[in-house]
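Written below as structure tokens is the structure these notes are about.
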Amino acid sequence: MDLSLIIMQLLSGIALGAVLVITALGLTIVFGMLGVVNFAHGALFMIGAYAGLYLASLTGSFWWGLLLAPILIGVFGMLIEFVLIRRLYGRSIDDPLLLTFGLSYILVEGVRIVFGSDGIPFPTPPQLVGVLDLGIGFFPRYRLFVIVLVAVVLLVLWLTLEKTRVGLIVRAGARDPTIMQVLGVDIGRVWLAIFGLGVGLAALGGVLAGPMRSVNPEMGSLVLAEAFVVTVIGGLGSIVGAVVAGLMVGISISMVALFAPEMATIVMFALMAVVLLIRPQGLFGVRGRTA
Amino acid sequence: MPKSGSTPKITRRTALAGLSASAALLAMPRLGHAADETIRIGFPTPLTGPFAAEARDQVKCAELAVKLVNDKGGIAGRKVELLVRDDKLNAGEAATRTLELIEKDKVHAVVGALSSAVQLAVNEVTRARGVIYVSISQSDTINEAKDFSKYTFHEALNPHMTTAAVARQTLKKGMKVAHLAADYAYGHEMLRGFKRAQTAIGADNVGEILHPFGAADYSTFMPRLMSMRPDVLCISNFGRDQANAIKQAVDFGVKQQMKIVVPVILHNQRLAVGPDVFEGVVGGANYYWGLETQSKSASAFNAAFKAANSGAIPTDYGAYGYSGVGSLLAAMQAAGGTDTDKVIDALEKLQYDLTKGPQHYRKCDHQSVQSVLVLESKKKSAMANENDLFAILANDAGADDMLRSCSELGHAT
């Protein structure tokens, strides 16, 4: 087996991992800061793809869809937090879990009613159609774009959390919300923004995945499972964990596909089982944290 | 809106009449004779899940077949009723629903199932209960002697027929062929069919990859498939897997290097990913509405479907629903009722032409002998209208020698 094939395979793994990272990120941030296990994350990913498609056809440009859909669905996420989830803080972790689980059914059925249960084509933006000759092989331009965009989003997110005042408040709020309130920070607004961010990231993942897969109401269910696997491997609530685990899972799937293609789906679950046995809190998780 | 003066009043008399009528209705199932009045056909199909689009078309067409018979006064004066159940593409669910249809709803026959595993489960139940089952799944394991019973009929095409027809149009001696197939019965059967056809033609196999069923991402298989440098890539999977696999193969520039061929090209999946992605893809089909220029039956079927579905056109898998239920009802018509042995006898003797030309069930394994279409997906600029999806490359008339022989399937000859 020649080296160029292995490098191409690695690249497909990184592109696959990039989408996993972006979807797992929203899930892990919401859990880490709010202690909410968002089971509607997959459905919101799907809604994001539909919103992106709708906005792209409305404005005639994929780029507007890519920019506006995460914002629009992020605001929708804030609405969900404000109207529904807010009431369940302080209760057991099962309550928001069940709420979002029910919500995911409503969202999927809603899309089926409005857009039908058939798949809808989501064309690749014309600037990114086709392949790029990397010297050792051809790789789709769009997938390279996804890798770059995800890297940029991660950088912006990291800088915001680590280097700005807002980031400081968010990190402190996750550590001890009571003290923050005593210090005069309106913690409710922070939670609102965080939930919106998590949902916006899910929607961004949906728009990015759209041109690679057919868009249909069930596209989120598989993504939810993948995002959970990545989150569990990386450690619930850990942003670094989500990034490392996402890339790890993407590359593992890709490498296994080279040698035992029929095992490609199972490998991520096997990886999760091994990590849970050796390090139950996940690679970057904090032991004993149950929200 | 009714005027205030004309508001209907419920009098004591009408209330009593209504009550006794509903009481009679409740008592109905207990009266053996009354229950026999309607002919009930069970129809399990995966209304939810990745094959939902195909399943919904099946239901529409099955309903049409029932309606046309009822409009003409039913069968021996009895009305026909279709009982649709969602099998959720799950063998266990399908077995439970089928058992319920037989035991609780007392259906006279079962038609349906789309996936190979589900079809096996339905066949298991109907065979044990002695109820006729007309399968409309493309897999044909139930026609092999070990799963077959006299109650088993197979209306759909089978892997051997479609792959042979597609290979005839696309493969030549000395060509290099690679395969990407779904890792379950359907993929395995199609792969076996293609390999058999390519050996007969003299094409070379350069490699095969099995992918997990229902995968959303195929990018990880593409570098290896391209490194095999084939002339033709056969993608043997179904439903959304077909759409996703072809779309991602095209993203990787596969079409610049090789031709993409599928055993069965799906109308709904072509719609789901658009003309540019499918352009030039060749695949087999049981039916395509464009056949109406060549076939009177197709034109009549299209017209009936359009009339019942506000101008929409029937799809490939829809046509299975129509011919599966239609052939069964024609046999019941000939048998003069629902007596199982008489209907089986009638089905074996039946010569029918419902959607595309003459068909009949082969005696030894009850496989429907029928024509196979080979279609090529049209370029966007070549489409006359939004329904003009495919060009018909071939329309091979049905013949017994298209099928694997009775003895190969393990039947006594």
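The chains referred to below are lettered A, B, ... by the order of the sequence lines, with proteins before strands, and numbering in each begins at 1.
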At their closest point, which heavy atom of [X] faces which heavy atom of [Y], and how far apart are they?
X	Y	result
B/Phe252	A/Phe138	CD2-O, 4.4 Å
A/Arg213	B/Asn244	CA-OD1, 3.3 Å
B/Gly214	A/Leu222	O-CD2, 4.1 Å
B/Pro223	A/Met8	CB-CB, 3.9 Å
A/Val131	B/Gly253	CG1-N, 3.7 Å
B/Thr220	A/Ala257	OG1-CB, 3.5 Å

Taking [atom1] in [X] as the centre, count heavy atoms belonging to other residues, nucleotides or ligands within less than 6.0 Å. Is the count above 12?
X	atom1	value
B/Met228	CE	yes
A/Phe115	CZ	yes
A/Trp63	CH2	yes

**Prompt:** So do A/Gln9 and B/Met222 actually touch side chain to side chain, heavy atoms under 4.5 Å?
**Reply:**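 Contact flag for B/Met222/A/Gln9 side chains = no.
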**Sub-4.5 Å side-chain heavy-atom contact between A/Pro261 and B/Arg224** = yes
**Request:** Please list all pairs passing the side-chain hydrogen bond (donor to acceptor under 3.5 Å, both in side chains) test where one or both residues lie in residues 185-194 of chain B, with sequence neighbours left out.
**Result:**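 Found B/Ser139-B/Glu189, B/Asp183-B/His188.
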Portion of [X] that has a non-hydrogen atom of chain B nearer than 4.5 angstrom:
X	answer
A/Thr124	side chain
A/Ile120	backbone
A/Arg141	neither

**Prompt:** Side chain, backbone, both or neither: which part of B/Glu208 has a non-hydrogen atom closer than 4.5 Å to chain A?
**Reply:** neither
**Asked** Which residues, numbered in order, of residues 241-255 of chain A come under 4.5 angstrom of chain B by heavy-atom distance?
**Response** A/Ile253, A/Ser254
**Message:** If we define contacts as heavy-atom pairs under 4.5 Å, which of B/Gln269, B/Gln248, B/His211 has the most with chain A?
**Reply:** B/Gln248
**Request:** Quick one: which of B/Gly274, B/Ser219, B/Ala215, B/Ala243 has the most heavy-atom pairs under 4.5 Å with chain A, could you say?
**Result:**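 The residue among B/Gly274, B/Ser219, B/Ala215, B/Ala243 with the greatest pair count is B/Ser219.
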**Asked** Is it the case that B/Arg240 and A/Ser214 place a side-chain donor and acceptor less than 3.5 Å from each other?
**Response**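 No pair is found: no donor N or O on one side chain lies under 3.5 Å from an acceptor on the other.
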**Salt bridge A/Asp118-B/Arg56, side-chain N to carboxylate O under 4.0 Å** =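 Here A/Asp118 pairs with B/Arg56 in a salt bridge, since their nearest N and O are under 4.0 Å apart.
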**Asked** In Å, rounded to the nearest 0.5 Å, how long is the span from CZ of B/Phe213 to OG1 of A/Thr265?
**Response**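 B/Phe213 CZ to A/Thr265 OG1: 11.0 Å, rounded to 0.5 Å.
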**Asked** Roughly how far apart are A/Met212 CE and B/Asp217 CG, rounded to 0.5 Å?
**Response** 7.0 Å
**Request:** Spell out, as yes or no, whether a donor-acceptor pair under 3.5 Å connects the side chain of B/Lys247 to the backbone of A/Pro211.
**Result:** yes
